[in-house]
2 protein chains.
Amino acid sequence: MTSTGTRTPLTRDRIIDAAVALADELGVEEVSMRKLGAELGVEAMSLYNHVENKDGIFDGMIDHVFESIPLPAAESDWRATVRATALIALDRFISHPWVVNLLMQRGNYGQSSLRFMDRTLGLLRSAGFSDEDTHHAWQMLASHTMGYAFQQVSGGYDDKEWDNVVPSQAELAEFFPHVAALAPYLAECEAGAEFAFGLDIIISGLQARLDAVTPGGSQPLGL
Amino acid sequence: MTSTGTRTPLTRDRIIDAAVALADELGVEEVSMRKLGAELGVEAMSLYNHVENKDGIFDGMIDHVFESIPLPAAESDWRATVRATALIALDRFISHPWVVNLLMQRGNYGQSSLRFMDRTLGLLRSAGFSDEDTHHAWQMLASHTMGYAFQQVSGGYDDKEWDNVVPSQAELAEFFPHVAALAPYLAECEAGAEFAFGLDIIISGLQARLDAVTPGGSQPLGL
DNA sequence: ACCTGAACACCGTTCAAGT
DNA sequence: ACCTGAACACCGTTCAAGT
């Protein structure tokens, strides 16, 4: 009724949007050419008129997520901007859990991710980091953000499988006492605060590095 | 000739080993039940007598990698031990590039990875970290290691695709000047040193946290 | 107990054919 | 120019049948 009557023309953007919606709802493994076509009221083969192949759709989905991350302001206080940007990026990666997966097998060198990287590198350089340290800082911030998103997204404590490894709570305490002792912290999933803990350590460490090279810079933040 | 004549019995371990070898050589996407069977001189369906399904094989492959990481010694200097262990873990993750991918879709709560996690948590607790900070430290170290491996493994600068995004070097310099300026650093792939740069910042930050809570601890390392 | 062949319900992608 | 149906070469997995 809704979309079959009218004839909204098929475009690359409509395909990407439908793929994102499908992946958000059912998981990326449910995104197939046939299902995506059905979702758009069209045969699977029609998609190939607007998209090179399935990998092209995946690339578009990645770009879609990076476009939703505001670019870091150019000449701002690098610490506050990097902190805020990383928090938003983490939020986007977690609310589209499939993007980390796609990034790994597709790489992150699309238009939008390149632009995001470029602006962030520019901010770090304008803050006074050497080219080499800028690269190191980027790598570190990216590792921490992607790695944390990775952990939040991966596995997901599927109870069935978990019981397979550790049949009982008593057995967990016997063989993995430290894991058992920290279980409350491991289960507690307040992603933002936990992520920020590490992020602040990294930012402070990078600031210290900056101060060591260019003395007379801003004071270290009292974290 | 070699393995078809004799009748080495099929076992779960032989299947996992063959799957690891196949994934190392051709990539994890080439690991199918049929190809794995062919590699072992057997029909695909025979594998189901020794393994629950394909995900069971993936779980075994993950465990195989974690078994190759030496467990951190219990009462050692936490900084040196964590540093060395993280470097080895990174090396293992990079030399089996598929493991990061599998970890994401399967979760890392197999026997071996749980044991590894438990020993590391034990080391951190015995070093004096509170339970909450132990959890934070684990999260941070895991994020950095997995995130860095993730970046090393992902994408891989496939030239064909790369040209698709940035047709010419001139265009790269125009639209992404900072990326272009840092290209030499981005291309230089000395993974170990780069990873250690961030790792040392994290370890120092965690030590500072430890000193703040329990004054009179060991002196901060002059990194 | 272990292995097999045929079959089922899926994939991505190609290609000639339709309009 | 865009869409389609049939087809090809793959998947993971089930199941009855072999030994």
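Chain naming here is simple, since letters A, B, ... match the order of the sequence lines and numbering starts at 1 in each.
- A 4.5 Å side-chain heavy-atom check between A:Asn101 and B:Asn101 finds at least one atom pair inside the cut-off.
- In this structure, B:Lys54 does not reach the D:dC11 phosphate: none of its side-chain N or O atoms is under 4.0 Å from OP1 or OP2.
- Look at CG on B:Leu47: it is 14 Å from C1' on D:dC11, rounded to the nearest Å.
- Across all strands, B:Ser32 comes closer than 4.0 Å only to sugar-phosphate atoms, never to a base (heavy-atom distances).
- Rounding to whole angstrom units, NZ of residue B:Lys35 and P of D:dA9 are separated by 15 Å.
- In the set C:dC3, D:dT13, C:dT13, D:dT13 carries the atom at the smallest distance from any side-chain atom of B:Asn53.
- Here the side chain of B:Lys54 pairs a donor or acceptor atom with the backbone of B:Val31 at under 3.5 angstrom.
- The phosphate of C:dT4 has OP1 or OP2 within less than 4.0 Å of a side-chain N or O from B:Ser46.
- Note that the CE atom of A:Met45 and the CZ atom of A:Arg34 stand 5.0 Å from one another [nearest 0.5 Å].
- The shortest side-chain heavy-atom distance between A:Thr145 and A:Phe195 falls under the 4.5 Å cut-off.
- The CZ atom of A:Arg12 sits 19 Å away from the C1' atom of D:dA1 (whole-angstrom rounding).
- Relative orientation of the A:Phe129 and A:Trp78 rings is perpendicular, given thresholds of 30° and 60° on the angle between their planes.
- Computed from coordinates, the A:Leu10 CG to D:dC2 C1' distance equals 9 Å when rounded to whole Å.
- The nearest whole Å value for the distance from the CZ atom in A:Arg34 to the C1' atom in D:dA7 is 11 Å.
- For B:Asp63, the side-chain contact (heavy atoms from CB on, under 4.5 Å) test picks out B:Glu67, B:Gln111, B:Ser112, with sequence neighbours left out.
- Interface residues of residues 20-30 of chain B facing DNA chain D, ordered by number: none; criterion, heavy-atom separation under 4.0 Å.
- For B:Asp133, the salt bridge (charged side-chain N to carboxylate O under 4.0 Å, His left out) test picks out B:Arg209, with sequence neighbours left out.
- Considering B:Arg12, B:Met33, B:His50 in turn, B:Met33 is the only one that fulfils the side-chain contact (heavy atoms from CB on, under 4.5 Å) rule with B:Ile57.
- Taking the ring centroids of A:His136 and A:Trp138, they lie at or beyond the 6.0 Å cut-off.
- Atoms CG (B:Asp55) and C1' (D:dG12) sit 10 Å apart, rounded to a whole Å.
- Side chain of A:Arg92 to main chain of A:Ser68: a donor-acceptor pair is present (N/O by atom type, distance under 3.5 Å, no hydrogens or angles).
- Distance A:Ile57 CD1 to C:dC11 C1': 14 Å, rounded to the nearest Å.
- OP1 or OP2 of C:dA1 has not a single side-chain nitrogen or oxygen of B:His50 nearer than 4.0 Å.
- Checking C:dT13, D:dT4, C:dT4 against every side-chain atom of A:Val42, the shortest atom distance belongs to D:dT4.
- B:Arg125 contributes no side-chain N or O that, together with a main-chain N or O of B:Thr134, makes up a donor-acceptor pair within less than 3.5 Å.
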Dot-bracket pairing map - DNA chain D, Watson-Crick plus G-U, both contacts under 3.5 Å, | cross-strand: ||.|||||...|||||.||
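- Atom-to-atom, CD of A:Glu43 to P of D:dA7 comes out at 15 Å; the value is rounded to the nearest Å.
- The side-chain contact (heavy atoms from CB on, under 4.5 Å) search around A:Asn53 returns A:Tyr48, A:Asp55, not counting sequence neighbours.
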Nucleotide-resolved protein contact map, nucleotides 14-19 of chain C, B/S/- at heavy-atom distance under 4.0 Å: B-----
